[in-house]
Amino acid sequence: MNYEEVMKLALERGFYFPSCEVYSDANAGFWEYGPSGVGLKNKFLELWRRELIRRDGMMEIDGSQIMSKSVFEASGHLGNFADPIIKCTKCNSTFRADRTIAEIANIEIPESADLKEFDNAIKENKIQCPKCKGDFGTTKKFNMMFKVGIGPQEEEAYLRPETCQSIFVDFPRLFKTMRGKLPLGIAQVGKSFRNEIAPRQSLLRLREFYQAEIEVFCNPGRLDEVEKFAEIENTVIRVQTDAEPISMTCKDALESGTVPNKFVAYYLGILTEFYEKTGIDVSKSRFRKLGDKEKAFYAEVAFDFEVETTIGWLELVACNYRSDYDLSSHAKMSKEKFEVMDNDEKVLPHVFEISMGIDRSLYTILEHSLKNDEEHERMVLSLKPYLSPVHVGILSLVKKDGLKEKTDEIFLNIKRKFDAFLDHSGAIGRRYRRLDEIGAPFAITVDHQTLEDNTVTIRKRDSMEQNRVDISKIDSILLESVGFP
RNA sequence: GCAGUUAUAGUACAGUCUGGUUAGUACUCGUGCUUGCCAAGUACGUGACCCGGGUUCAAAUCCCGGUAACUGCACCA
């Protein structure tokens, strides 16, 4: 299904909707999750924990969203996360100063240069607005971080633009107190904040968004000593270095030099296995190797995990080899020691990052799962059962003759074990359709025969097929069918 | 941020050009009846003119400003 259909479903069925929508001063780039969206998100994260965190023996932390100025001085975000920007005084269009100067006058000025250099270059080369030939105002820095004032003195601090900085600054304590050993993965789920110039397309470009980030700390001298590589060596990943993505096993990716070492190949492998289990069609995915100009300022090698959707390729995960960029800057700035012992060797670990955009992932899951079943005139959200916000609908065929009471009783018995939804009202078919749209894989229906022999029917969402089972079997059937793989 | 388009119930749309009665339709949603396993029928019901200002006797409708969404450009650490 396309973006519009997903949007309609999101609005009608409580997946997500605009924030503060009853007020006219609501800002762009802020959206909220409704009950169905939260259900999906929680289960997605549980899968993430199972498939990546626990599988790899990582630690998970939960850090502050507001962090001190020094953190971002060290991380480079105060310097590099800002673009030099020029604004046309006539038509108000905004341009990147460095790029515009390079394009028109063919002069390369690094984006971190003093702002006066840009102003001088504009003056000397008489650079004008490419759109309207108006004059430019002075160069300003636009920083994408939200600044906040702490306490009555309004001390300068920032909302984090990525969750991983807490992982870096917490690393020394975690390594010591949690008896860390390299390689060590530390993960975090939480919100990040970026003051996007043009937020667009609901969950796809937000100013406040969820990330699930993993930072794996490793000894740079041992990137090919990865025993667990055997687990994924035959896993097929899709890698794009040139024009088209190519399917290859992790082993082939490594041996052909497409991926630099076993360490990186291992994580690309388990990441692909994770996404396969979300129901996203990984045959439409690619790890796109980024060129020097596209990479983030901290990245040495970078692969973006992208998935094809009806609105084009979407970047769901950034996989960056950040080397010792972060730890060495934090060590320098804080004057703390970030080196650790790896066997007999003292090393400043390097970092490989798997930075996942949760909101975009959820959108992609919805788009890849939503099907129009024309034969039965219904929309079906074919979510993996373990990701569905509602596991099972509990329905009475009719309300009367004691069926309602019997249905209530069944609901009472399972509502704490499963995400169950009780529904008595309206035509049975309509209730099935509603459950189909929020992706509930099963519906249990109580009918007159239930009162006679204690059996109910279980309807499957995708096939619409129904089986009659004993009430005592419901628990074990659901347990098996909606459990995580 | 620039340009274009748009903004009416939960959703999709009509009405706006040409200002004037109780803002209409479909689906949805709620309650009853009916049927008794796939959006049926039936009756009743809930529910909206994006925000602010102006013009006018009178504004959903005209004018100005704002906001948001969509498309394109630019931006995307």
Side-chain angles (χ1 to χ4, degrees), chain A residues 3-5 7-14 17-31 34 72 75-83 85-88 90-96 99-100 103 111 129-132 134 142-145 160-162 164 192-202 204-207 294-299 302 304 311 315 318 320 355 357 373 375-380 395-401 403 424-437 443-449 456-461 464-466 468:
Chain A
Y3 177 83
E4 241 169 51
E5 302 274 4
M7 195 65 217
K8 190 179 171 191
L9 177 82
L11 291 172
E12 282 190 324
R13 297 288 178 223
F17 45 87
S19 176
C20 310
E21 60 179 341
V22 300
Y23 286 105
S24 60
D25 63 347
N27 294 110
F30 300 91
W31 290 69
F72 300 111
S75 73
H77 284 88
L78 271 172
N80 294 322
F81 202 54
D83 296 327
I85 290 226
I86 40 174
K87 231 180 182 183
C88 171
K90 202 168 144 197
C91 73
N92 224 16
S93 291
T94 312
F95 299 88
R96 281 274 298 257
R99 293 196 190 168
T100 311
E103 239 167 67
E111 58 174 291
C129 173
K131 272 193 184 164
C132 73
F142 176 71
N143 197 302
M144 303 245 298
M145 286 196 292
R160 59 185 182 189
E162 52 178 10
C164 59
S192 290
F193 305 83
R194 292 177 196 179
N195 200 358
E196 293 284 351
I197 296 173
R200 280 288 158 89
Q201 289 168 317
S202 58
L204 304 185
R205 205 204 249 156
L206 295 158
R207 288 184 165 136
E294 271 186 298
K295 285 187 300 191
F297 60 85
Y298 44 66
D304 276 355
I311 47 173
E315 179 195 338
N320 297 307
S355 172
D373 179 359
E375 188 191 341
H376 300 103
E377 291 182 57
R378 58 173 191 156
M379 296 294 280
V380 189
L395 317 175
S396 50
L397 187 60
V398 291
K399 265 188 261 188
K400 57 190 181 186
D401 304 332
L403 294 191
H424 292 302
S425 73
I428 191 75
R430 179 181 298 283
R431 283 178 277 162
Y432 286 147
R433 293 295 192 278
R434 267 197 296 251
L435 289 167
D436 290 340
E437 284 189 19
I444 286 176
T445 305
V446 171
D447 56 17
H448 289 95
Q449 196 182 328
V456 292
T457 60
I458 293 195
R459 170 194 184 264
K460 289 183 184 163
R461 174 194 64 203
M464 298 172 76
E465 158 200 3
Q466 275 175 290
R468 188 160 277 279

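Each chain gets a letter, A, B and so on, in the order the sequences are listed, and its residues count up from 1.
At the heavy-atom level, A/Tyr432 lies under 4.0 Å from base atoms of the strands shown. Residue A/Tyr3 is classed as a sugar-phosphate contact, given heavy-atom separations below 4.0 Å to backbone atoms only. Residue A/Asp447 is classed as a base contact, given a heavy-atom separation below 4.0 Å to a base. Here A/Gln449 lies out of heavy-atom contact (under 4.0 Å) with every strand. When heavy atoms are screened at a 4.0 angstrom cut-off, A/Met379 is found touching base atoms of the nucleic acid. Contacts of A/Arg96 with the nucleic acid, taken as non-hydrogen atoms under 4.0 Å apart, involve only primed sugar atoms and P, OP1 or OP2. If you check every strand for non-hydrogen atoms under 4.0 Å, A/Ala198 touches a base. Residue A/Ser425 is classed as a sugar-phosphate contact, given heavy-atom separations below 4.0 Å to backbone atoms only.
A close approach under 4.0 Å does not occur between any side-chain nitrogen or oxygen of A/Lys87 and OP1 or OP2 of B/C2. Contact annotation: A/Arg430 reaches the phosphate of B/U28 (side-chain N/O to OP1 or OP2, under 4.0 Å).
Here the separation of B/A7 from B/A14, taken at their C1' atoms, is 15 Å to the nearest Å. Taking atom C1' on both nucleotides, B/U42 is separated from B/U5 by 43 Å, rounded to a whole Å. To the nearest whole angstrom, the two C1' atoms, one in B/C49 and one in B/U8, are 4 Å apart. Nucleotides B/A68 and B/U25 are separated by 34 Å at their P atoms, to the nearest Å. Taking the P atoms as reference points, B/A23 lies 12 Å from B/G47, given to the whole Å. Comparing the P positions of B/A59 and B/G66 gives a spacing of 23 Å, expressed to the nearest Å. Between B/U46 and B/G32, the distance separating the two C1' atoms is 15 Å to the nearest Å. Atom P of B/C50 sits at a distance of 14 Å from the matching atom of B/U6, rounded to the whole Å.
The distance between atom CG of A/Leu11 and atom C1' of B/C13, rounded to the nearest whole Å, is 16 Å. Protein atom CD of A/Glu5 is 11 Å distant from nucleotide atom P of B/A12, rounded to whole Å. Atom CD of A/Glu196 and atom C1' of B/A74 are 13 Å apart (whole Å). Between A/Glu4 atom CD and B/U6 atom C1' the separation is 13 Å, expressed in whole Å. One can place CD1 of A/Ile428 at 16 Å from C1' of B/U34, the figure rounded to the nearest angstrom. If you take NE2 of A/His424 and C1' of B/U31, they are 15 Å apart, rounded to a whole angstrom. Here the P atom of nucleotide B/A69 and the CG atom of A/Asn27 are 9 Å apart, to the nearest Å. In this structure, NZ of A/Lys399 is placed 9 Å from C1' of B/G32, rounded to the nearest angstrom.
Of the candidates B/C70, B/G32, B/C75, B/C70 carries the atom nearest the A/Arg200 side chain, counting heavy atoms from C-beta on. Of the candidates B/C76, B/A69, B/A40, the closest approach to any side-chain atom of A/Ala427 belongs to B/A40. Closest contact between the side chain of A/Arg433 and the listed nucleotides B/C37, B/A39, B/C29 involves B/A39. Side chain of A/Ile197, nearest nucleotide from B/C37, B/C75, B/C38: B/C75. Each of B/U11, B/A39, B/C37 was ranked by its minimum atom distance to the side chain of A/Gln466; first place goes to B/C37.
The existence of a salt bridge linking A/Arg461 and A/Asp373 is excluded, since no basic side-chain nitrogen approaches an acidic carboxylate oxygen closer than 4.0 Å. Ion pairing between A/Glu437 and A/Arg13 holds under the 4.0 Å rule for side-chain N and carboxylate O. The residues A/Arg459 and A/Asp436 are annotated as salt-bridged, a charged nitrogen and a carboxylate oxygen being separated by less than 4.0 angstrom.
In this structure, the separation between CE on A/Met144 and CD on A/Glu196 is 4.0 Å, given to the nearest 0.5 Å.
Listed by chain and residue number, nothing satisfies the salt bridge (Lys or Arg N to Asp or Glu O under 4.0 Å) test with A/Arg200 (two or more places apart in sequence, or in another chain). For A/Ala302, the side-chain contact (heavy atoms from CB on, under 4.5 Å) partners are A/Leu290, A/Lys295, A/Ala299, A/Asn320, not counting sequence neighbours. Every residue two or more places apart in sequence or in another chain was checked for a ring pair (Phe, Tyr, Trp, His ring centres under 6.0 Å) with A/Phe30, and none qualifies. Remark: A/Pro18 pairs with A/Leu11, A/Glu21, A/Trp31 by the side-chain contact (heavy atoms from CB on, under 4.5 Å) rule, at least two apart or across chains.
Geometric assessment of A/Arg160 against the ring of A/Phe193 yields a negative cation-pi assignment under the 6.0 Å and 45° thresholds.
Nearer to the 5' terminus of RNA chain B, by closest-nucleotide assignment, is the contact made by A/Lys8 (compared with the other of A/His376 and A/Lys8). The nearest heavy atom of RNA chain B to A/Glu437 and to A/Arg205 marks one nucleotide each, and the one closer to the 5' end goes with A/Glu437.
Looking at A/Arg205, its side chain never comes within 3.5 Å of a backbone N or O of A/Gly29 through a donor-acceptor pair.
Taking only distance into account, the side chain of A/Thr94 never meets the base of B/C2 through a donor-acceptor pair shorter than 3.5 Å.
Remark: RNA chain B forms stems of 3 or more consecutive Watson-Crick or G-U wobble pairs, all pair distances under 3.5 Å, at B:1-7 with B:67-73, B:10-13 with B:24-27, B:29-33 with B:41-45, B:50-54 with B:62-66.
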**OP:** Please test A/Ile311 against A/Leu204 for side chain to side chain contact (heavy atoms under 4.5 Å, CB included), starting from the C-alpha separation and ending with a verdict.
**Re:** CA-CA 11 Å; A/Ile311 47 173; A/Leu204 304 185; 3.1 Å; yes

Original post:
What is the per-nucleotide protein-contact pattern of nucleotides 44-51 of chain B, from the 5' end, where B denotes a base atom under 4.0 Å from a protein heavy atom, S denotes such proximity for sugar-phosphate atoms only, and - denotes neither?
Top reply: -------S

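Here the shortest heavy-atom pairing between A/Leu206 and A/Ser202 reads CD2-O, 3.3 Å.
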